[in-house]
Amino acid sequence: MPFVKTSFAISLLASAGFTAAATPSAVFAESGQNAPASTARLLGTVTAVSGDTITVKSDAGVVATITVSDATRIVHAEPGQKDLSSATPIKVQDLAIGDRVLVRATPGTAENTYTAQAVIAMKKSDIAQKQQQEREDWQKRGVGGLVKSVDAAAGTVVVASGSRTITIHTTPKTIVRRYAPDSVKFDDAKVSTLDQVKPGDQLRARGDRNADGTEVTADEIVVGSFRNIAATVVSANAAKQTLTVTDLATKKPVVIRFTPDSQLHRLAPEMAQAIASRLKGGASGGEQPASANAQPPAGGMGAGRPGGQRGGDPSQMLQRAPSVQLTDLHPGDAVMIVATAGASDTATAITLLAGVEPMLQASTKASQSLFSSSWSLGGGGDAGGAAQQ
């Protein structure tokens with residue numbers, strides 16, 4: 001699956017695994033220098049290298065021009081390094097467009113100009129390789145679903161995933177992140193704590209499972225509160241990348257915005273019918289099939305194979321569903337959407353699934369459980385993903 005963004009892409013320090021020993025201050029300490037008080041720390045991506053000048057664009061879009069001198073210490077660090085003990089000295093000419101850098105610099109006289117004192121760099125190719133490794137690890141060791149209960153004191157979270165429950169155990173080393181309420185990007189997820197996780201949140205964890213997959217000791221957890229909308233299409237605006245729908249629960253219009261990270265899929269009719277039959281068959285307690293105005297199914301953050309499911313892993317089936325464009329959606333089409341919380345009349349889409357008419361007639365409870373463990377966030381990727389990233 002595509003990846004939300006790896007953890008180190010959030011911040012070159014924290015998410016690359018750097019400790020305090022890897023900060024620019026440590027670079028000065030190692031060289032016997034003291035970091036001046038009037039310095040700035042710049043984190044971003046190299047967009048140009050010319051002579052002794054590099055141009056860096058921050059994640060917020062701010063462009064800085066940085067001059068490098070012979071006194072500037074520049075080192076190359078590998079993703080995942082815990083400190084700079086094995087960092088390799090490099091020259092400014094070794095930097096390339098796309099590299100990630102953390103710069104300690106003195107502000108210049110002009111706005112957004114600096115003189116570098118120390119530069120920590122990660123190569124674009126190294127980051128891509130690390131992303132692939134983390135992507136594979138999330139696919140192999142990732143589980144997820146809707147949070148049922150949290151015991152912060154005990155360090156456990158119970159999630160519903162398909163027809164079963166999974167207990168997530170945390171340790172002091174477990175990283176917990178929460179998605180921003182207005183963003184679908186794992187980059188924007190913030191470091192959080194277990195006591196901030198609430199029932200109903202959508203959670204994905206990466207870690208070691210026990211033999212039957214009912215317990216996981218998590219290395220990393222990413223969690224978010226997202227809006228789940230079952231709706232019919234009113235109109236699509238490809239130029240503005242928006243879709244106006246009627247929320248079947250509220251009967252009110254909602255404008256859904258789409259970004260490059262949003263995923264749009266359509267289920268084949270035979271697949272939609274097969275899933276609907278499974279949902280109806282899995283309904284418990286004599287639950288009646290949901291009507292057109294039922295509460296929307298919950299979206300989730302991707303998961304491992306739900307136990308007790310026949311006919312293959314639903315998460316894999318959904319990922320194989322063909323992608324569609326906004327122009328492929330027409331008035332009256334039924335859709336299910338996982339989106340940011342947004343306002344009552346607007347939201348940003350994470351995932352949209354068309355061709356879902358049979359599901360909207362099936363069990364609401366079963367569909368919530370199914371989709372909580374089958375949908376992915378942030379570009380259809382495993383969280384972390386979030387994640388994430």
Side-chain angles (χ1 to χ4, degrees), residues 2-19 21-28 30-31 35-36 38-135 183 185-189 260-261 378-379 388-389:
F3 197 45
V4 179
K5 284 291 179 83
T6 52
S7 55
F8 59 87
I10 301 175
S11 162
L12 191 60
L13 289 181
S15 43
F18 283 140
T19 62
T23 64
S25 298
V27 175
F28 285 103
E30 292 171 5
S31 61
S38 58
T39 58
R41 190 176 72 173
L42 310 172
L43 173 64
T45 303
V46 175
T47 59
V49 181
S50 178
D52 61 356
T53 300
I54 60 176
T55 304
V56 176
K57 186 176 182 180
S58 74
D59 296 335
V62 178
V63 176
T65 301
I66 301 168
T67 301
V68 177
S69 69
D70 292 339
T72 303
R73 182 175 181 183
I74 310 176
V75 295
H76 166 225
E78 297 285 347
Q81 281 186 218
K82 300 301 182 182
D83 55 44
L84 293 182
S85 60
S86 58
T88 306
I90 60 174
K91 298 180 180 180
V92 65
Q93 293 82 5
D94 297 319
L95 297 175
I97 294 173
D99 292 349
R100 292 282 287 176
V101 293
L102 178 65
V103 183
R104 173 75 74 172
T106 303
T109 55
E111 185 177 9
N112 294 327
T113 62
Y114 301 86
T115 299
Q117 300 163 356
V119 180
I120 303 172
M122 284 187 181
K123 303 300 292 181
K124 180 180 180 180
S125 57
D126 294 338
I127 293 174
Q129 183 178 14
K130 181 65 173 179
Q131 286 179 329
Q132 178 62 28
Q133 292 171 349
E134 288 198 1
R135 180 185 300 116
S183 174
K185 292 185 177 182
F186 188 70
D187 293 50
D188 297 331
D261 294 307
Q388 343 65 93
Q389 64 229 74

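All values below were derived from every heavy atom in this structure, side-chain atoms included, with hydrogens, water molecules and symmetry-related copies excluded.
- Of the possible donor and acceptor atoms, one in the side chain of T47 sits under 3.5 Å from a partner among the backbone N and O of T55.
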Given the rule in the side chain to side chain contact (heavy atoms under 4.5 Å, CB included) test, do V62 and N112 qualify, once you have shown the distances and angles that lead to the verdict? CA-CA 8 Å; V62 178; N112 294 327; 3.9 Å; yes
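- Using a 4.5 Å heavy-atom cutoff, the side chains of T65 and T53 are in contact.
- Of all non-hydrogen atoms in P107 and Y114, the two that sit nearest each other are CA-CD2, 3.5 Å.
- Across every non-hydrogen atom of A116 and V68, the tightest pair is CB-CG2, 4.3 Å.
- For the pair D99 (side chain) and K124 (backbone), a donor-acceptor distance under 3.5 Å is present.
- Taking the charged nitrogens against the carboxylate oxygens, D70 and K91 have no contact shorter than 4.0 Å, which rules out a salt bridge.
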Could you walk me through whether V56 and L42 pass side chain to side chain contact (heavy atoms under 4.5 Å, CB included), step by step? CA-CA 8 Å; V56 176; L42 310 172; 5.5 Å; no
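- Between the side chains of T39 and Q117, no donor-acceptor pair is found at a separation under 3.5 Å.
- Residues D59 and R100 form a side-chain contact, since some pair of their non-hydrogen atoms from C-beta on lies under 4.5 Å apart.
- Inspection of the D126 and H76 side chains reveals an N or O donor paired with an N or O acceptor under 3.5 Å.
- For the atom pair CD (E78) and CD (Q129), the distance works out to 8.0 Å, reported to the nearest 0.5 Å.
- Atom CZ of R73 is separated from atom CD1 of I90 by 11.5 Å, given to the nearest 0.5 angstrom.
- Residues I54 and L95 have side chains in contact (heavy-atom distance under 4.5 Å, counting atoms from C-beta outward).
- Residue L84 comes nearest to A77 through the heavy atom pair CD2-CB, 4.3 Å, listed as atom of the first residue, atom of the second, then distance.
- For the side chain to side chain contact (heavy atoms under 4.5 Å, CB included) with M122, the qualifying choice from V101, I127, L102 is I127, the only one to do so.
- S125 is linked by a side chain to side chain contact (heavy atoms under 4.5 Å, CB included) to K123, counting only residues two or more places apart in sequence or in another chain.
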